[in-house]
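Reading through the structure tokens given below for one structure.
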Amino acid sequence: MTKFSPGRLFIYFILILFCAIYLMPLLVMLLTSFKTLPDIRGGNLLSLPEVWVFEAWFKAWGSACTGVTCEGVKGYFWNSFKMAIPAVFISTLIGALNGYVIAHWRFKGSNLFFALMLFGCFIPFQVILLPMAATLGKFGLANTTTGLVFVHVVYGLVFTTLFFRNFYVSVPGELVKAAKLDGAGFFTIFFKIMLPISKPIIMVCIIWQFTQIWNDFLFGVVYSGSDSQPITVALNNLVNTSTGVKEYNVDMAAAIIAALPTLFVYVVAGKYFVRGLTAGSVKG
Amino acid sequence: MATLDIKQLYKRYGKNGPNTLEDINISIESGEFLILVGPSGCGKSTLMNMIAGLEEITAGDICIDSKVVNDVDPKDRDIAMVFQSYALYPNMTVRGNIEFALKIQKMDKPERDKEITRVAQLLQIEHLLNRKPSQLSGGQQQRVSMGRALARQPKIYLFDEPLSNLDAKLRVEMRHEIKKLHQRLGTTIVYVTHDQIEAMTLADRIAVMKDGQLLQLGSPAEIYNDPADMFVAGFMGSPAMNFLHCSVEQSDQGLVGSLVCDQQQSHQIPLPERLAKYAGKSVVVGIRPEQITHVNPYKQDKALVTTLNLKLGVLEPTGPDTIALVTLNDKEISCRLDPDKPAVMGENLDLMFDMSSAVFFDPNSEQRIR
Amino acid sequence: MATLDIKQLYKRYGKNGPNTLEDINISIESGEFLILVGPSGCGKSTLMNMIAGLEEITAGDICIDSKVVNDVDPKDRDIAMVFQSYALYPNMTVRGNIEFALKIQKMDKPERDKEITRVAQLLQIEHLLNRKPSQLSGGQQQRVSMGRALARQPKIYLFDEPLSNLDAKLRVEMRHEIKKLHQRLGTTIVYVTHDQIEAMTLADRIAVMKDGQLLQLGSPAEIYNDPADMFVAGFMGSPAMNFLHCSVEQSDQGLVGSLVCDQQQSHQIPLPERLAKYAGKSVVVGIRPEQITHVNPYKQDKALVTTLNLKLGVLEPTGPDTIALVTLNDKEISCRLDPDKPAVMGENLDLMFDMSSAVFFDPNSEQRIR
Amino acid sequence: MFNTLQKWLPKIILSPSIFLVTVCIYGYVAWTGYLSLTHSRFLPNFKWAGLLQYQKLMENDRWVTSCINLLIFGVLFIIISIILGTLLAIFLDQNIRQEGAIRTIYLYPMALSFIVTGTAWKWILNPGLGLEKMMHDWGWTSFEFNWLVSNDMSVYTLVIAAVWQSSGFVMAMFLAGLRGIDSSIVKAAQIDGASMPTIYWKIILPCLRPVFFSAVIITSHIAIKSFDLVTALTSGGPGYSSDLPALFMYTHAFTRGQMGLGAASAMMMLGGVLAILVPYLYSELRNREQ
Amino acid sequence: GEVEVLHWWTSGGEAKSVGVLKEMLEAQGHSWKDFAVAGGGGESAMTVLKTRAISGNPPAAAQIKGHDIQEWADLGFLSNLNDVAKAEKWDEVVPAVVTNVMKFNGDYVAVPVNVHRVNWLWANPAVFEKAGAKIPTTMDEFFVSAEKLKAAGIIPLAHGGQAWQDATVFEAVALDILGSEDYNKAFVMHDDAVLSSDKMVEVFTVFKKMSNYIDSDSPGRDWNIATSMVINGQAGMQIMGDWAKGEFVAAGKVPGKDFVCLPAPGTDGQFTFNIDSFAMFELSKSDNVTAQKALAKTILTPEFQEVFNLNKGSIPVRTDMDMSKFDSCALDSMATFKASNQSGDLVPSMAHGLATTGYVQGAIYDVVTNFFNDPDGDPKETVVKLARVVRAAK
Ligand SMILES: Nc1ncnc2c1ncn2[C@@H]1O[C@H](COP(=O)(O)OP(=O)(O)OP(=O)(O)O)[C@@H](O)[C@H]1O
Ligand SMILES: Nc1ncnc2c1ncn2[C@@H]1O[C@H](COP(=O)(O)OP(=O)(O)OP(=O)(O)O)[C@@H](O)[C@H]1O
Ligand SMILES: [Mg+2]
Ligand SMILES: [Mg+2]
């Protein structure tokens, strides 16, 4: 079926070449994580470890210091999940609804709003740190997970709306029309027609949001409580030391461990990059 | 069952576009079957969409059961529609597509299943119920689109060329089903078709449109036999009506028009007396191909029937008939011949012109002369 | 201009699906105009797609100019195609759509413009050249799709129901244009249509398909007058051929078949002598509606012509004709009447049966009895 | 009654977002705008300063450098990631075996926090440790790659790392877009004699205009807000030759206690974005209108 | 009560030392809520602190350094610790130079934790031996030795090209050339005359000269990578604060044998200090206030001071401590600390935010780092620029 013509060979070559390029930093990180500290200090960064040691991984997971406690990053996963899952879910849902309205239920000003919203994604997050802190403080949400989720939803909204709107403008309007005539209301059309054909974009959206929120440090550190700090804060504490000893092997291992949930999302999301979700819907 | 009134309806796409629909006024009775015909791009689908509430109204009113529905949501109008472009839900199977509206109406599962089975049988798509639209042939998609509408029992059905991609046999069957459906339920139906037979056999009334305007609204027989102008006359009927420009002359046998075949022979055809006032002037004679046939002894003696010996041009066998082209007054005229009677291109043949059913138009205004 | 040979072609969608096409063998001569007909979903579009190289071949060969092209890229086959679903490029204007292939062929700008103008005029879409497909009506989109193919001069044209969404008038014009094009260029053409007239008038040969199989391949006249089996006979022609089950009896006037009208009167129709071996058995008589007409003095005296006085059922005026339904042997039979001669439902009328053109089938095998 | 609810639903759905955007984006921007006109230092205060902070900003060499850097970095980063992302998406769309694995490899850089990958990149790009050394060890002694430590080139290393991190996501966006294209259009183009590259270039990519739009917004967002990247990779160095406005703004507003100046730089950044973005947005949205 | 403590000590040794503090506090029946935010010498932590303050939810104690203490106190966020100070006699056991930093308008608002000496030179004696060079004690010697090292194919000075490291070296040079008094005038008082003096030009000239002895790959390098270059003999020496000792020790090196610590060239007897401290925030709950006071008290107890500073490499702020457990570098540091406190050679570190406000510090950073990395940097012009930006930032 798929014959290996020269063209296909070329494509595979390019794809694999880029895989190699993309993987290089990871390779460095992996190698480093298996080295001992003297080995790191002495060696070449692409050389194989003199002895393969897994200690750094165990330490990163269970005993590295992230503050006064030295229990590795494992305890922070839960905090991150508590924040990321609701935030991703809510922002994706709202974004999908917004995109749906802007693309298929236009009203006067909806486009203007979209433009304003887009512009909003360019404000530097540092700008909003203080006023948002004041706002959260007023509502008693300062340093709570709820507050953090709220912040992520607000600033993620812009992107999810963008993704969905730009996906939905390509969906034939006839589908919505047909559903309207079938007696479907706003939400029925959304949940029964639009969402099922949005799999790829939902995945893109989740990939983006989950990555952004999971990896976010600034909001996480500023708006979380001391007992609800996300994993990035732990990672940062573990990695960033100004005047202490640096343990690169542990840093690398911790970074990879911290990224596992995101990688998991990428792998799972892949299944939904399916072809032809609107194929065969309308003629012409 | 509902009346549908379209009053001074205008439609313009975009701000400065031309009028796509212009001053459309149609009053459709409850239970009436109205067929819209008109050249491609004349605004039929647009009108349907506006009735359904899917396109904004630029000006005018649409009333269902005498209530203005301009601002009523499509879903509250209780209308079912077959889209010209099908518009199937790509994520659902055929069953899902048909079931969708029923689910929304909160019909029970067993009842829904019964309805789906009924419709699927009717449309001969039972074996496709679990397929996705992308796995269907064009005609099958069109039938699913039909099925979606037929599963419901709305106040008004809108069908936009619902049978265009079906084979002739299936089309006949579907046509009969629609007719039966209409008779059984008495639902008001607006139907767009390009099929002459469909239009003639299904319609209570036919509306002929052109360039966004309504030209004539009447029963099929009226439209066919009594067209208001040259456009309507030429549009309905296939092969189309022949138009002969000829000057009206007063002769011994009464009014005649003269014709020249192939620039050689000159012939004369009888014209009715009511054209007297056009004597010396020119008129357009509209005569359908089926009025120019082999000599038929039964008709031969009727008034206004004449036989001319003409040279045949191209012959087109269509199966039941053979269409022969004859050049008269520099125009190709089609005549309908019996395929059983041998005729050859170039041969001279006696052709009987039945002028009693012919219609006449003013060459300038293109309006009927009555 | 190219020959096209389809050899033992099979197609299956998915791994375990049924055969969509089964053992298709067609040999198309260079410059031939082949029309594919068949019920919706029988595999016509699939076959077209395979010729174009857009669908994988499950088994068998497709040869263009005697070279197997199974592995040749669509772009290298030099084929132009009109898709049933139009498949217009949504991002380009009408002009862009038509121009695209020409640009790829590196045609000069002035020449390209000339070509676009020509095609656009032909298809009456000059005023739409700067629109996007989404701003067109269904028929306009279809014409653009046509335009895209007609602008090119490939070795083979594939037309998949190219005129289905056009009005009758335009369709006739387009049909003539295609005919002229074919005569002028002599390009090989494969054409799918559900329109009887198109099939009869355009084709050099017609291929009738059913359920992925080729049933009959022959000239239009052959297909129409000399169908191989009941399916083909019933499929071509509109209204369809009437099938009467009747038993063959030997009588004084030769072979006759007996008919019962409306469960009251019994009638007999003459049958040709070649059915002698079926005496005492039952055959299916296939007779087209146009063979059951008003009494026509010219034909009345022919052999195998008989006149029966039957009770008319529903009357359907179609314009040029009126189709009357008559119940014979418990089946509705359609007859073609002259709309000028008044007839009323329920009335008894003399109908002339021209059995000389009738065809006969074995009721079990449904094959022709010759 | 119910009817009117349906009519208002779209607006109702949008209104929380409108509210949030108004308050949490524009409200705060206004607040920042006001701050930029004050003498705010360590924390916000409201002593009016007029345009003083802007004046200071324009006189600040580092600000000017960072703006130029942003221009170079932004343009290169956006263009390269979009081109690369698109190409990879197209290649990946050719029925590739192991598509899932390859896709994940392209995406994974996004998953890793730059706090750590920055270190890895720093090593790789460092002439004494990474690529250059490796090439030298392998015998290619004339190989030179010292952008990281060069005043003029350090900003380009940011581009490399940023492209590495983000192009995978651009790829995912385009891949999702490609999967939505109706295959019959591709078929038609094949019949028209177009080769695959032509089909992609002339038909498919133009159809992906909305995706392209998303990609531009996302990448420019990343470019403008690049902060972790710079901190981790070069900290703006050597000197401040690879400084970017986001870093400038953060440093001044929070580390150096010049909140007024920081606010002013934020406003300038927004102004710049506005000037570039508005015409694009306008044309894009207008285009869709029709 | 409960204290929430914001700090940026998260690396192994530091965290363990803070852990001791936590335990000590818990032993007194209080609970400790840890809020650790590492990164960039406390930059992230400061950001967090500001937002928390704005949201009305500040921690009980926060690690705040130098001038920032004054800023916070000025804004009225800090609580008065005079009662604890009096009870614990802080004024007597802690040098005034240190307590001055902890006080706002004469009231204690913060507690010092440790003292870092910044002007250290770390050297690998084996390398020097190999190159036949002497470990320098003056600037002149420095350049002589550096030349020798370079000739031997060794990188003379290990350095990481980051703004704060540049500034660390710069202030060491400045301290040598300007002397303690002018150093203070320049970086604490921002005396225009000194800032634009010829001596300052010389500072920059020498500073620039140093860059010749640094390898070209230095930009962006972390300080500890630079340290490891010294450890493994790639480089000869490094100018860095006493936290660098931790790296040597972690690599299994012994002070005095595998590596030596000397004052930065020409700054013998001078001491650039960097003090870590905790500021106490105004709290509303009274039992939390009790815990907060207990924390303040505990920090300055000799027990904690010892444990903490042994781990951190720095020296205690209390001058009355038993130093028997400390190593030679720390003892040396302590001695100099006490001596310089008398002689006036105890100066605040500009590079580490003890000398001046964040904005002036930042402005100086910009000038210094840009000059150092600019091959065409002209000392004269730079001095003019320095004076200008400092004036503007004041
Ligand atoms: N992608 C597909 N997967 C599975 N079955 C398919 C697919 N495409 C078409 N089919 C089936 O193959 C058969 C032939 O389809 P094809 O489109 O060739 O029919 P057709 O003769 O063109 O019909 P029509 O006249 O309705 O267009 C149909 O029964 C259809 O359901
Ligand atoms: N979105 C649009 N924007 C601008 N013009 C449009 C739009 N949709 C349709 N038109 C134009 O309006 C006219 C009427 O279109 P409509 O679809 O109603 O035609 P139609 O009568 O259904 O034709 P057909 O028989 O070809 O389907 C056409 O000329 C078409 O080009
Ligand atoms: Mg239409
Ligand atoms: Mg088909």
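Note that the structure is predicted; figures quoted are calculated from it, not measured. Proteins come first, then strands; the chains are lettered A, B, ... in the order of their sequence lines, and each starts at number 1.
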Which region of D/S195, side chain (C-beta onward) or backbone (N, CA, C, O), has a non-hydrogen atom less than 4.5 Å from a non-hydrogen atom of chain C, or is it both or neither?
both

Does a salt bridge link [X] with [Y], judged by any charged N lying under 4.0 Å from a carboxylate O?
X      : Y      : answer
C/E111 : C/K114 : no
C/E177 : C/R143 : no
C/E99  : C/R112 : yes

Name the member of D/K187, D/K202, D/M196 that forms the most heavy-atom pairs with chain C at distances under 4.5 Å.
D/K187

With respect to chain D, which residue among C/L54, C/L158, C/D78 yields the maximal number of heavy-atom pairs within a distance under 4.5 Å?
C/L54

Chain D: which of C/M81, C/R152, C/R148 shares the most heavy-atom pairs with it under 4.5 Å?
C/R152

Give the ring-plane orientation class for D/F174 versus D/F212, where under 30° counts as parallel, over 60° as perpendicular and anything between as tilted.
perpendicular

So what's closer than 4.5 Å to chain D heavy atoms on C/E55: side chain, backbone, both or neither?
side chain

Which is it for C/N97 and C/Y86 under the side chain to side chain donor-acceptor pair (under 3.5 Å) test, yes or no, and what are the steps along the way?
CA-CA 11 Å; C/N97 266 277; C/Y86 313 154; over 6 Å; no

